[in-house]
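All heavy atoms count here, side chains included; hydrogens, waters and symmetry mates do not. Per chain, numbering begins at 1; letters A, B, ... match sequence-line order.
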Amino acid sequence: MRIATWNINSLRLRIDTLRRVVETIRPDVVCLQETKVRDEEFPLMDVRALGFNHVLYHGMPNYNGVAILSKAPLKQLVTVDWCERDDCRYLSARLPGGAVLHNFYVPAGGDVPDPEQNDMFAHKLRFLDEMIHWFDGQKPGRAILVGDLNIAPLETDVWSHKQLLKVVSHTPVEVERLGRVMAAHRWVDAVRHIVPPSQQLYSWWSYRNRTWPGDDRGRRLDHVWVTPALAGRVKDAAVLREARGWDRPSDHAPVWADIDLM
DNA sequence: ATGGTTGCATGGCAA
């Protein structure tokens with residue numbers, strides 16, 4: 001099964017780009033973040049026309065919003081409100097074969113990496129703490145976690161480790177928290193299982209760097225993880241980097257992995 | 001050090 005994750009930055013604006021992503025990657029399941037559409041206005045017919053007849057979505061006006069698009073039937077699982085607010089950052093489903101799929105949109109955290117000064121950064125850390133406790137209380141089993149985690153954990157996940165140590169997304173406090181989320185459920189980084197950690201790999205490039213891909217100042221914020229039971233079943237994975245160079249792109253590129261779930 | 005761009009929705013906020 002090929003599973004893709006993409007922060008689309010407005011589903012309605014980029015439905016044609018989604019079609020191009022689907023034609024290029026040919027995924028069985030697509031997990032979206034930042035759909036930016038309330039449920040009443042979700043473009044269900046357009047999504048079905050792309051071949052996804054089984055669709056879960058959870059959206060709100062203006063911000064956030066997640067969706068899971070699938071060719072095969074899904075079973076929707078209980079939803080969770082993170083940090084006591086329903087701000088549409090999470091959906092989960094059971095896939096054919098029984099594996100659980102989690103789709104996350106972790107808060108970006110604002111600009112100042114200090115929870116005392118910046119409520120958005122405090123929210124990000126609290127969200128990660130809740131993920132730690134949530135996964136700590138569950139048996140790993142067969143599960144897949146994807147999404148925009150808004151953290152680039154490895155030195156090779158950013159264009160300059162040294163220059164980003166104090167930049168939100170790559171600060172030691174966030175990387176340490178994300179490491180504890182991984183440890184809580186013994187998550188394995190499926191993409192780094194395929195692309196060696198020695199190799200630079202990014203999935204996001206700021207809109208503010210107008211020269212893409214010239215200086216290639218990217219970060220790997222989007223992830224696919226699997227539990228140990230599935231680690232040996234990850235057959236391939238990549239970032240669709242070229243999508244960042246398409247007309248009117250999202251600032252994130254899609255990330256996908258092939259996982260043998262049978 | 002600062003400002004740079006985008007989307008949603010029409011002012012300013014979050015990314």
Answer yes or no: is there an ion pair linking A/Arg19 with A/Glu23, defined by an N-O contact shorter than 4.0 Å?
no
If you measure from the C1' atom in B/dT6 to the same atom in B/dG11, how many Å do you get, rounded?
16 Å
For A/Arg217, answer base if it contacts any base atom (sugar-phosphate contacts may also be present), sugar-phosphate if it contacts only those atoms, and nothing otherwise; contact means non-hydrogen atoms under 4.0 Å.
nothing
What integer number of Å spans the P atoms of B/dA9 and B/dA14?
15 Å
Inspect the contact between A/Arg177 and A/Asp129 and indicate whether a charged nitrogen and a carboxylate oxygen are less than 4.0 angstrom apart.
yes
Within the side chain of A/His223, is there an N or O that forms a donor-acceptor pair under 3.5 Å with the backbone of A/Ile151?
yes
Within the structure shown, what part of the strands sits under 4.0 Å from A/Arg89 by heavy-atom distance: base, sugar-phosphate, or nothing?
sugar-phosphate
Passing option when A/Ile68 is tested against A/Ile3, A/Leu91, A/Leu95, A/Val30 for side-chain contact (heavy atoms from CB on, under 4.5 Å):
A/Leu91
Hey, does the side chain of A/Gln33 reach the backbone of A/Asn7 with a donor-acceptor pair shorter than 3.5 angstrom?
yes
Within the supplied structure, the quantity of interest is the number of heavy atoms (other residues, nucleotides, ligands) at a distance under 6.0 Å from A/Arg12 CZ; does it exceed 12?
yes
Between A/Met120 and A/Asn9, who's closer to the 5' end of DNA chain B by nearest nucleotide?
A/Asn9
Relative to the 5' end of DNA chain B, which residue comes earlier, A/Asp111 or A/Asn209, by the nucleotide with the nearest heavy atom?
A/Asn209
What are the 5'-most and 3'-most nucleotides of DNA chain B lying under 4.0 Å from any heavy atom of chain A?
B/dG4 to B/dA15
P gap between B/dG12 and B/dA1, integer Å
30 Å
